[in-house]
Amino acid sequence: MKLRRSMIGLFAVAALVACSANSCQGTAQKILNKVAAENLQFERAVTVAHNDKIITDAQERDFLTKSRQIAESGNSAVVAFQKSDNAGALVAIDQGISVIDDAMNNGLVGVKNPDTKTALSAALLLLRGSFTTAKGFIPASTGGVK
Amino acid sequence: MNAAAILALIKLITDLEPAAIQAVQALVDKLAGLTPDQIAALTVQINNTAISEIDAELAKLPPAPPAGQ
């Protein structure tokens with residue numbers, strides 16, 4: 001197990017080093033595109049739940065506000081990438097993850113319907129996973145904007 | 001790094017379930033041929049669609065009560 005983990009770590013480091021700036025950025029952009037699509041689905045699921053009177057006005061307002069922040073974070077990350085600002089992209093993604101965590105830890109608490117709660121939780125987990133995966137393709141940069 | 005190598009890396013590091021790997025594969029296939037700038041433009045378009053829908057939906061709601069009430 002130790003040997004496998006060290007091999008995994010070595011492979012990951014080698015892959016990231018070998019990952020050219022263009023290919024990593026391309027992959028990260030594709031994953032951010034996935035995040036955007038997932039967030040759109042989440043936003044629509046919230047609207048449906050509200051129309052079906054499963055969640056309250058306050059809950060819908062809270063979830064949609066967070067979904068808006070996630071979309072804005074996604075756009076900020078995309079723009080930062082295009083300017084080769086890796087640090088800025090990471091900040092934007094971390095902001096998006098923070099909003100998702102807040103929704104999961106606080107927003108979901110008040111949802112009474114178990115099926116809706118499960119569905120929204122799954123959607124948020126998927127979003128979080130995608131954002132985290134995108135981070136994996138962004139080399140940490142101390143230089144900021146090039 | 002080609003798409004196959006990326007998928008192999010993801011599986012090795014995260015040990016994803018097969019359904020997740022298929023989802024990533026479908027995404028990579030779907031966006032193949034687009035430049036990063038084209039993908040970025042598409043992403044911004046999707047995010048802006050979400051924002052527009054959210055703003056329209058929020059506008060239908062009654063005003064939020066003042067904090068503390």
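Below, chain A is the first sequence line, B the second, and so on; all start at residue 1.
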Chemist: Can you find a pair of side-chain heavy atoms, one from A:Leu64 and one from B:Glu53, that are under 4.5 Å apart?
Modeler: no
Chemist: If you take all heavy atoms of B:Ile54 and A:Ser67, which pair is closest and at what distance?
Modeler: CD1-OG, 3.5 Å
Chemist: Counting only non-hydrogen atoms closer than 4.5 Å, can you tell me which residues of residues 43-61 of chain A sit against chain B?
Modeler: A:Glu43, A:Arg44, A:Thr47, A:His50, A:Asn51, A:Asp57, A:Glu60, A:Arg61
Chemist: Are A:Leu120 and A:Leu126 connected in the hydrophobic side-chain network, where two residues link if heavy atoms are under 4.5 Å apart?
Modeler: no
Chemist: OG1 of B:Thr43 to CZ of A:Phe81: how many Å apart, nearest 0.5 Å?
Modeler: 10.5 Å
Chemist: With a cut-off of 6.0 Å (strictly less than), are more than 12 heavy atoms of other residues, nucleotides or ligands near CD of B:Gln38?
Modeler: yes
Chemist: May I ask whether B:Leu42 and B:Ile51 are part of the same hydrophobic cluster, defined by side-chain heavy atoms of I, L, V, M, F, W, Y residues being less than 4.5 angstrom apart, directly or through others?
Modeler: no
Chemist: Please look at B:Asp37 and chain A and tell me whether the side chain, the backbone, both or neither of the residue comes under 4.5 angstrom of a heavy atom of that chain.
Modeler: both
Chemist: Pick from A:Asn75, A:Asn39, A:Val78: which one has the most heavy-atom pairs with chain B under 4.5 Å?
Modeler: A:Asn75
Chemist: Taking a hydrophobic cluster as the set of Ile, Leu, Val, Met, Phe, Trp and Tyr residues connected by side-chain heavy atoms closer than 4.5 Å, whether directly or through intermediates, do A:Val99 and A:Leu90 fall within one such cluster?
Modeler: yes
Chemist: Roughly how far apart are B:Leu34 CG and A:Gln29 CD, rounded to 0.5 Å?
Modeler: 11.5 Å
Chemist: Should A:Met104 and A:Ile93 be counted in the same cluster of Ile, Leu, Val, Met, Phe, Trp and Tyr side chains packed under 4.5 Å apart?
Modeler: yes
Chemist: Do A:Ile70 and A:Val79 land in one hydrophobic cluster if side-chain heavy atoms of ILVMFWY residues count as linked below 4.5 Å?
Modeler: no
Chemist: Within the structure provided, determine whether A:Glu72 and B:Asn47 are in side-chain contact (heavy-atom separation under 4.5 Å).
Modeler: no
